[in-house]
Trainee: 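I'd like to ask you about the structure that follows.
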Amino acid sequence: MTTLVIVESPTKAKTIRNFLPAGYKVTASMGHIRDLPQSASEIPAAVKGEHWAQLGVNVDKNFEPLYVIPKDKKKVVKELQDFLKTADELVLATDEDREGESISWHLLQVLKPTVPVKRMVFHEITEEAIQSAIQNCRQVNDNLVHAQETRRILDRLVGYTLSPLLWKKIAAGLSAGRVQSVAVRMLVLRERDRRAFKTGTYWNLKAALATLNDQSFEAKLVALDGKKLATGADFDEATGRIAAGKNVVLLDENQAQTLRDRLRAGDWTVADLEERPNTRKPSPPFTTSTLQQEANRKLRLSARDTMRTAQNLYEQGYITYMRTDSVHLSQQAIEAARSCVTELYGANYLSPQPRQYATKSKGAQEAHEAIRPAGSTFRTPQQTGLSGRELQLYDLIWKRTVACQMADARQTLISARIAVDNAEFRASGKRIDFPGFFRAYVEGSDDPDAAIEDREVLLPPLAKGDRLNCRDLEALRHDTQPPARYTEAALVKMLESEGIGRPSTYASIIGTIVDRGYAQQLGNALVPTFTAFAVTGLLEKHFPDLVDFGFTAQMERTLDEISTGKTSWLPYLRQFYSGETGLDTQVKVRESAIDPTEARTIDLEDLNADIRIGRYGAYVEVADANGGTVKASLPKDLTPADLDADQIEALIRQKTEGPASLGNHPDGGEPIYVLTGAYGPYVQLGEATEAVPKPKRASLPRGVTPETVTLEMALGLLSLPRLLGQHPDTGRPVKASLGRFGPYIVHDMGKEGGQDYRSLKGDDDPTTVTLERALELLAQPKASRSRKQKTPLRELGPHPEDNEPVNLYQGPYGIYVQHGKVNAGLAEGQTVESLTLDEALTLLAAKAGAKKKTTRKAVSSKTSSKTTGKTASGTTKTARTTKAKARAADGVDGTDGTDAENVAATPKTPRSRKAKTTEEPTEASTTDSKASRSTRRKAS
């Protein structure tokens, strides 16, 4: 008997094949095999003339979707049909969420099998899980299919109805979406708050104190005459003044300095001392949302990269299913985690009772486990053989899962109140009494040991009435700061807390927002563009429900109710789209009332100019003295919150008067100009002419403004890159230049040797640095990003395998032995003086999980997998012949594996047949893209 098993991707197929007996043939559908049409060319000729054809949804016939098989999927479908002809049974083993259910349903509709069909679901790809799943198959769940299909249709209706309106009223190529537009509005609202923010200033004092036995610490002024000193929290963000009702003391600079001079010679004493115990409990294991947030904070991974990496880990059998809202752990997982704690940290680090967590997020719906290491025993990160991002993310998941079954961290918060004259100062400290789960995991930090050290702020032994010496007293100015912009982690958290969208789609939504030009990333922050302001303004004014947080969250809850059968999908779609209050009618009625000029204009307070969106981006428009207007493009890195009257004046002056000349070049006599372009300020040698269409330019370094640049500085910048001379050892050139990340020197050693870079810091200037200084810097080792090295308590000697040192160190929670990146605590009875090198090697080997042996096994396994992949029929053959299959269906490169809850739509713009517009990412797109990537890897 032959059983055909269909999954989404070749990687998943290869992993599952290892756990099934002979007679099972595993192949991949390469994601969705059919979808709504993505272009006019995909619309069947029979319906091209219908008014709903471009929507891909027959709104007159119960919202019947028009499904088509894309050209790049026809060969996949043919191969699946051929495989099915020789099969006695069909098993659909796509993912267990709504998107996976939809893929299985589409396979049934297209393949029309005549043999028995089973639906196999599992949340981890291990031998035990696959064997259990094959024995407990079910049928396709129609409720889940209806929920996914309703979401797909709903998002198509929103995108294809609103996006053309944005093209007509603002600019071609824009898009709107059910969740995307709400997320953009969140960014815009925060940026508006930053623009409206008024800075407040306050002063306080910081004292450097010492006990009589010369132990130093710091304290800050907190009160005068018993009245609390003003802090940033006491200010009104709208006025920059102390908020009404706040009874605080606000010091200005003169008052702070006068007070400093008076208190410096006063009698300082400890007025009171308080110690308060504090307990910290470990965080729950990861959900999709919290994994994205923590990976962004700790690993600086985007949500898209996090989900892409997690998808790979799941399909290779390292972690459980990565699209989940649940924080629940199975009994098997709890036992595995507790076993890791006992083995690696000791029984005293184990929580007294197994911990189980309850899901609290709005709209939590998945009946899966939390994201955790796969299997009944957890491989340590060192035992996996993983590397790069996969190792980093697995390490994060492993630590979080193990930590959730560890004991609470116990710490003592120490507060000393210090009196001098009529002033009260406070010194705060923290002592970690028992690190508990901190040993394995500290949220927001990628190094638990360093994080524990950073968390511990020790004060010297103090007692009430102790006299203190004031070594220094400093007056400090503080300016209140505007609300922080959203990072990816913060935006994901906000969306989830409001119940908007599905966490599994956040990665692609954020990616789409950036890709479509609604936000740019400055550092780790998401900054909305002027285009985002214009689109949000139009939607707020004319379609407020569609960007209302509560309305969107209610839509999400209704879609969840459809998945459980509580709500019927068809009446809901009719209510949303049709009738007098439906979206279709709203757009038709309001389109004529929307003035394009007004829609393209952004209203920013305190600016005597119009900011508009044009064909080539945002620009400023002001009236001139002759009754006309002057227009100037806004630099791409200029944010709405930072735009002010001075910047507008400079841009207009450059436009009307021409660029400011600093002087002439001493050699050729060409004028040197300071200009501001789309990518910021720069200097230019001469004017653009037919003979010299692209004159030499150089961007200004960070911190240098057009007002402060000098002719000498401009000449130096235009001379870059500077040839300093030849390296005496290689005879190769050494140059100085200015790059994206600052000034640097480079030793060009040719094709074989590559290039050796060193950053220039401090007083080193690329325009003046000498060859001798460059050689000095090149001779130094590249700066390490690791934290400062500690002095060992004892050096035990070199490790026999690599001759690297094995040392003993004092940690905040005890003595430990270290070799490379592996730390191991001492066993009971072992001391610094008595521990031998052999005993240390035993401790390190246990902690590392016998890394050397497991690496060999991993390499062997990989070699075996490659052989298997080459000889297995179906999957590899398909992979080799479908190089670009299953790209993101709706114009989004959804390579993170989200579920298709918020689908991207692609209507044609009036100006270009190739233009695409997305409103939400889909699992269809992400699964297909993932399959396509796997195909390319195999093909190469």
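By convention here, the first residue in the shown sequence is residue 1. Source: prediction; values computed, not measured.
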Trainee: Please check: side-chain N/O of Thr529 versus main-chain N/O of Gly517, any donor-acceptor pairing under 3.5 Å?
Mentor: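 Yes; at least one donor-acceptor contact below 3.5 Å.
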Trainee: Determine yes or no for a side-chain-to-main-chain donor-acceptor pair under 3.5 angstrom, with Glu670 supplying the side chain and Leu685 the backbone.
Mentor: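 Between the backbone of Leu685 and the side chain of Glu670 there is no qualifying donor-acceptor contact (under 3.5 Å).
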Trainee: Given 3.5 Å as the limit, does a donor-acceptor pair link the side chain of Gln654 with the main chain of Thr676, or not?
Mentor: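 Judged by distance alone, yes, a pair lies under 3.5 Å.
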Trainee: Checking Thr689 against Val692 for the side chain to side chain contact (heavy atoms under 4.5 Å, CB included) test, could you report, in this order, the C-alpha distance in whole Å, the side-chain angles of both residues, the deciding distance, and whether it holds?
Mentor: CA-CA 5 Å; Thr689 63; Val692 187; 3.8 Å; yes
Trainee: Is it the case that the side chain of Arg600 and the backbone of Ile613 share a donor-acceptor pair, with hydrogens and angles ignored and the cut-off at 3.5 Å?
Mentor: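 Between the backbone of Ile613 and the side chain of Arg600 there is a qualifying donor-acceptor contact (under 3.5 Å).
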Trainee: Kindly determine whether Ile170 and Val535 satisfy side chain to side chain contact (heavy atoms under 4.5 Å, CB included), including the steps that lead there.
Mentor: CA-CA 8 Å; Ile170 299 179; Val535 171; 4.0 Å; yes
Trainee: Between Asp236 and Ile242, is there a donor-acceptor pair closer than 3.5 Å when you use the side chain of the first and the backbone of the second?
Mentor: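 Side chain of Asp236 to backbone of Ile242: no pair is present.
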Trainee: For the residue pair Gln180 / Thr512, report whether a side-chain donor-acceptor contact shorter than 3.5 Å exists.
Mentor: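 The criterion, which ignores hydrogens and geometry beyond distance, is not satisfied for Gln180 and Thr512.
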Trainee: Taking side chain as C-beta onward, heavy atoms only, is Thr161 less than 4.5 Å from Phe543?
Mentor: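 The answer is no, as the side chains (C-beta and beyond) never meet within the 4.5 Å cut-off.
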Trainee: Keeping the roles fixed (side chain from Gln292, backbone from Ser289), state whether a donor-acceptor pair exists under 3.5 Å.
Mentor: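 Between the backbone of Ser289 and the side chain of Gln292 there is no qualifying donor-acceptor contact (under 3.5 Å).
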Trainee: Is it true that, when you exclude Asp763 itself, more than 12 heavy atoms of the residues, nucleotides or ligands shown sit nearer than 6.0 Å to its CG?
Mentor: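 No - once you tally the heavy atoms of other residues, nucleotides and ligands closer than 6.0 Å, there are 12 at most.
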Trainee: Which pairs of donor and acceptor atoms, one on a side chain in residues 658-669, lie under 3.5 Å apart (sequence neighbours left out)?
Mentor:
residue : atom : partner : partner atom : Å
Ser661  : OG   : Gly663  : N            : 3.3
His665  : ND1  : Asp667  : N            : 3.1

Trainee: Looking at residues at least two apart in the chain, or sitting in another chain, which of them share a side-chain contact (heavy atoms from CB on, under 4.5 Å) with Val704?
Mentor: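 By the side-chain contact (heavy atoms from CB on, under 4.5 Å) rule, Val704 matches Leu700, Pro701, Thr708, Val709, Met713.
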Trainee: Using atom types as modelled and distance alone, determine if a side-chain donor or acceptor of Lys493 lies under 3.5 Å from a backbone N or O of Gln293.
Mentor: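 Between the backbone of Gln293 and the side chain of Lys493 there is no qualifying donor-acceptor contact (under 3.5 Å).
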Trainee: Other residues, nucleotides and ligands only: do more than 12 of their heavy atoms fall within 6.0 Å of CZ on Arg732?
Mentor: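 Atom CZ in Arg732 is packed in, count exceeds 12.
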Trainee: Crowded around Lys735 NZ? As in, over 12 foreign heavy atoms under 6.0 Å?
Mentor: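 Incorrect, the count does not exceed 12.
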Trainee: Does the pair Asp764/Arg758 count as a salt bridge with the N-to-O cut at 4.0 Å?
Mentor: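 Not counted as a salt bridge, because no side-chain N and carboxylate O are separated by less than 4.0 Å.
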Trainee: Looking at side-chain heavy atoms only, is the closest gap between Glu591 and Lys169 below 4.5 Å?
Mentor: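 Answer yes - side chains close enough.
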Trainee: Checking Lys246 now: which residues fulfil salt bridge (Lys or Arg N to Asp or Glu O under 4.0 Å) with it, not counting sequence neighbours?
Mentor: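 By the salt bridge (Lys or Arg N to Asp or Glu O under 4.0 Å) rule, Lys246 matches Asp234.
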Trainee: Determine whether a donor-acceptor pair (N or O, by modelled atom type, separation under 3.5 Å) exists between the side chain of Gln684 and the backbone of Gly686.
Mentor: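 Yes; judged by distance alone, with no hydrogens or angles, the pair exists.
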Trainee: Has the side chain of Arg722 got a donor or acceptor atom that lies under 3.5 Å from a matching backbone atom of Pro766?
Mentor: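 Flag set: sc Arg722 to bb Pro766 pair under 3.5 Å.
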Trainee: Would you say Ser699's side chain and Tyr682's backbone share a donor-acceptor pair under 3.5 angstrom?
Mentor: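 Absent.
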Trainee: Please enumerate all residues that pass side-chain contact (heavy atoms from CB on, under 4.5 Å) together with Asn608, with sequence neighbours excluded.
Mentor: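 With sequence neighbours excluded, Asn608 shows a side-chain contact (heavy atoms from CB on, under 4.5 Å) to no residue whatsoever.
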Trainee: Determine the minimum heavy-atom distance between Ala489 and Asn296, stating which atoms define it.
Mentor: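 Residues Ala489 and Asn296, closest heavy atoms: N-OD1, 3.3 Å.
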Trainee: Check this for me: Gln255, atom CD, are more than 12 non-hydrogen atoms of other residues, nucleotides or ligands nearer than 6.0 Å?
Mentor: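 Correct, the count exceeds 12.
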Trainee: Are any non-hydrogen side-chain atoms of Ile513 and Leu187 less than 4.5 angstrom apart?
Mentor: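 Side chain of Ile513 against side chain of Leu187, heavy atoms only: contact under 4.5 Å found.
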Trainee: List the residues meeting ring pair (Phe, Tyr, Trp, His ring centres under 6.0 Å) with Tyr673, not counting sequence neighbours, and say none if there are none.
Mentor: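 Expected list: none.
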Trainee: Side-chain donor-acceptor contacts of residues 188-198 below 3.5 Å, not counting sequence neighbours, with atom names and distances?
Mentor:
residue : atom : partner : partner atom : Å
Arg190  : NH1  : Ala484  : O            : 2.5
Arg190  : NH2  : Tyr486  : OH           : 3.3
Glu191  : OE1  : Arg485  : NE           : 2.9
Glu191  : OE2  : Arg485  : NE           : 3.4
Glu191  : OE2  : Arg485  : NH2          : 2.9
Glu191  : OE2  : Ala641  : N            : 3.3
Arg192  : NH1  : Glu540  : OE1          : 3.2
Arg192  : NH1  : Glu540  : OE2          : 3.1
Arg192  : NH2  : Glu540  : OE1          : 2.9
Arg194  : NH1  : Pro483  : O            : 2.8
Arg195  : NH1  : Pro640  : O            : 2.8
Arg195  : NH1  : Leu643  : O            : 2.7
Arg195  : NH2  : Glu605  : O            : 3.3
Arg195  : NH2  : Leu643  : O            : 3.1
Lys198  : NZ   : Ala196  : O            : 3.4

Trainee: Determine, step by step, whether Leu546 and Phe551 satisfy the side chain to side chain contact (heavy atoms under 4.5 Å, CB included) criterion, reporting the C-alpha distance in whole Å, the side-chain angles of both residues, the deciding distance to 0.1 Å, and the verdict.
Mentor: CA-CA 7 Å; Leu546 294 182; Phe551 181 83; 4.2 Å; yes
Trainee: Is the count of non-hydrogen atoms from other residues, nucleotides or ligands lying under 6.0 Å from Lys541 atom NZ greater than 12?
Mentor: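 No, because the 6.0 Å sphere around NZ of Lys541 holds 12 heavy atoms or fewer from other groups.
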Trainee: Among Leu760, Asp756, Leu771, which one satisfies side chain to side chain contact (heavy atoms under 4.5 Å, CB included) with Ile745?
Mentor: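 Of the listed options, the one satisfying the test is Leu760.
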Trainee: For a quick test of reading the model, state the closest non-hydrogen atom pair linking Ala532 to Pro528 and the distance between them.
Mentor: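 Closest approach of Ala532 to Pro528, heavy atoms only: CB-CB, 4.1 Å.
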Trainee: Given side chain to side chain contact (heavy atoms under 4.5 Å, CB included), test Glu488 with Leu491 step by step and report yes or no.
Mentor: CA-CA 5 Å; Glu488 285 199 22; Leu491 184 59; 5.8 Å; no
